[in-house]
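A quick write-up on the structure given underneath.
Numbering starts at 1 and runs along the sequence shown.
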Amino acid sequence: MATDSQGTTFTFAGSNYTVTSVTVTPGGDLLDNSHLGLASGANRTYQSPALIDNELSCEAYGVTAVSVGTSGVLSFASTTYTATVSSSSVAYSVGELVKQSLTFKVKS
């Protein structure tokens with residue numbers, strides 16, 4: 001069943017953001033542990049990562065400067081995370097509202 005995202009709130013380090021999109025990427029990449037001893041035509045083998053790297057990316061209106069490395073409590077969709085900003089940028093474009101892009105590394 002589809003879920004309506006309207007009305008979802010986003011708060012980081014005590015500041016509220018008017019967010020236009022959010023992408024949550026849990027986990028991390030599988031590690032390829034294939035080796036030359038595998039038979040020709042065999043499938044590759046994988047294992048789960050030793051360290052998990054959960055990420056949350058968003059676009060929001062405004063020019064609030066958020067420095068890379070800033071840590072705080074992030075609340076989104078009734079879930080609270082401990083988060084650190086890993087990427088931050090602001091985009092200005094003719095005929096558009098100013099938007100910022102933020103990427104957080106989050107602990108679940």
Side-chain angles (χ1 to χ4, degrees):
M1 183 167 104
T3 302
D4 186 355
S5 62
Q6 297 306 113
T8 303
T9 60
F10 190 93
T11 304
F12 175 67
S15 297
N16 294 317
Y17 293 86
T18 303
V19 177
T20 59
S21 67
V22 175
T23 303
V24 179
T25 308
D29 292 331
L30 288 175
L31 303 175
D32 183 346
N33 63 359
S34 303
H35 52 84
L36 294 176
L38 292 172
S40 180
N43 290 325
R44 289 182 175 270
T45 57
Y46 298 93
Q47 71 181 46
S48 296
L51 300 173
I52 295 175
D53 193 17
N54 296 321
E55 199 170 76
L56 190 148
S57 301
C58 71
E59 287 191 351
Y61 293 125
V63 293
T64 305
V66 182
S67 299
V68 170
T70 302
S71 293
V73 174
L74 185 148
S75 299
F76 169 71
S78 302
T79 305
T80 301
Y81 305 93
T82 300
T84 302
V85 177
S86 61
S87 174
S88 176
S89 64
V90 178
Y92 298 83
S93 183
V94 173
E96 297 288 336
L97 296 172
V98 176
K99 277 190 179 177
Q100 59 184 336
S101 295
L102 298 167
T103 301
F104 300 91
K105 298 294 183 185
V106 298
K107 295 180 185 176
S108 50

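Summarising the geometry of Cys58 relative to Val19, their closest heavy-atom pair is CB-CG1, 3.9 Å, with the distance given to 0.1 Å. Taking both residues in full, the closest heavy atoms of Ser71 and Thr84 are given as OG-OG1, 2.9 Å, listed atom of the first, atom of the second, then distance. Annotation for Val106 and Ala83: closest pair CG1-CB, 3.7 Å, computed over non-hydrogen atoms. Pairing each heavy atom of Asn43 with each of Leu38, the nearest pair is O-CD1, 3.9 Å. Between Gln100 and Val66, the closest heavy-atom pair is OE1-CG2, 4.5 Å.
For the pair Phe12/Thr70, a side-chain contact is recorded, criterion being any heavy-atom separation below 4.5 Å from C-beta on. Taking the side chain as every heavy atom from C-beta outward, Phe104 and Glu55 never approach each other to under 4.5 Å.
Looking at Ser34, its side chain does come within 3.5 Å of a backbone N or O of Thr45 through a donor-acceptor pair. Listed for the Ser88 side chain is no donor-acceptor partner under 3.5 Å among the backbone atoms of Ser67. Side chain of Ser75 to backbone of Thr11: no donor-acceptor contact under 3.5 angstrom is found.
Within 6.0 Å of atom CG in Asn33, more than 12 heavy atoms from other residues, nucleotides or ligands are found, so the atom counts as buried in its surroundings.
Here OG1 of Thr25 is found 8.0 Å from CG of Leu56. Values are rounded to the nearest 0.5 Å. The structure places NZ of Lys105 at 13.0 Å from CD1 of Ile52, a figure rounded to the nearest 0.5 Å. Summarising the geometry, atom OG1 belonging to Thr82 is positioned 6.5 Å from atom NZ belonging to Lys107; distances are rounded to the nearest 0.5 Å. Put simply, CG on Leu30 and OG on Ser48 are 6.0 Å apart, with the number rounded to the nearest 0.5 Å. Considering OG of Ser89 and CG of Leu102, their distance stands at 7.5 Å, rounded to 0.5 Å.
Ring planes of Tyr17 and Phe10: perpendicular class, angle over 60° (limits at 30 and 60°).
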